[in-house]
Amino acid sequence: MDLKKLQQTAKAMVARGKGILAIDESFGNSEKRFGKVGVPHTEENRRAYRQLLITAPGIEQYISGMILFDETLRQKTADGVPFPDALKERGMIPGIKVDKGTKDLALHPNEVITEGLDGLRERFAEYAALGAQFAKWRAVITIGDGIPTVACIRVNAHALARYAALAQEAGLVPMVEPEILIDGGHSIERCAEVCAATWDALFAELKEQGVELSGTILKTSMVLSGNACPDQADVETVARMTIDALKTHVPAEVAGVVFLSGGQDDEKATLHLNAMHILGEKLPWPLSFSYGRGIQNPALTLWAQDTKNNVAKAQAAAVERSRANAFASEGKYK
Ligand code: 13P
């Protein structure tokens, strides 16, 4: 393992005033998002839309890297430049989502396990050859009556660590993503408990499996009230409780912590990150964003209105959301 190289890549991913853009929607998810705005879910439309984001003029001022989907890593710009090269030419780091999505967890109703470990060493070798420098694996934890179970948290943490070890072996920085879903009527206190238990299990597994935390990025959800909870915590409370939980449960050696937007309102996701930085606490790791929907939503809507003529407008919208979140990552968003 070339630890120096991993550390360098990880550091660049969370460079000051920048964050990561997730454009790694699986076929199922991109079909849902395209469906909502009425764009046919064809390979060419997926390519054209991702090209729009990758080549948005100026986006590299705010975005350190983008997470691609398997298909996207193999696609090219209209003038024939492979997407990973198009990113590198603009000073951005190409990443790859390597998990294969979730399946029901046996004997555990309403809980899921992420699949994709079989053959992953070989896939990593190919992804590295195609130019990917970091990877992502998303585990999903659901809060509900009697869940998450210890079993669900443990098996997902175990799989995340196995993936992270294979990523580092192949020279890619693992982004480990346990997403605690926003769905449900749970309180913010309950979310904080589940985040703590999930992060504890994850870092125990990473340690046991020899994963180098200084070459690892944590991608996580924030500590939030469930979206159906009648009592919604305000921005300052979300910021305070998220920072407290992270500081207590995430080791200082981790190279960086980034958030997913996870179905939060776009503006809220920005305000929450900004508020965390306004607290002015000394944090052991850079704290930034790795948003998908939180950055893409307005761009996708504009593009869908006229996929031929609205490209520049959609690009400007993506850059604007990236800029807002980059400012928030330094507590400078107004
Ligand atoms: P959202 O920010 O839309 O939640 O997406 C980020 C991501 O990569 C989820 O896996």
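Only heavy atoms go into these numbers, but all of them, side chains included; no hydrogens, no water, no symmetry mates. Count residues from 1 along the sequence. Both counts, for ligands and for their atoms, begin at 1 and track the order of listing.
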*Can any side-chain N or O of T114 pair as donor or acceptor with the backbone N or O of R138 at less than 3.5 Å?*
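Yes; at least one donor-acceptor contact below 3.5 Å.
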*asked:* Can a donor-acceptor pair be found, under 3.5 Å and without considering hydrogens, that links the side chain of N274 to the backbone of K332?
replied: yes
*Does any donor atom in the side chain of Y62 or E320 lie under 3.5 Å from an acceptor atom in the other side chain?*
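The criterion, which ignores hydrogens and geometry beyond distance, is not satisfied for E320 and Y62.
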*Pair K308 + D306: basic N to acidic O under 4.0 Å*: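 No salt bridge links K308 with D306.
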*E25 with R293: basic N within carboxylate O range, under 4.0 Å*: no
*Which one of Y333, F289, F327 satisfies the side chain to side chain contact (heavy atoms under 4.5 Å, CB included) criterion with T270?*
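Exactly one candidate clears the test, Y333.
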*Give the protein residues with at least one non-hydrogen atom closer than 4.0 Å to an atom of ligand 1, ordered by chain and number.*
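These residues qualify: A22, D24, K136, R138, E177, K219, L260, S261, G262, S290, Y291, G292, R293.
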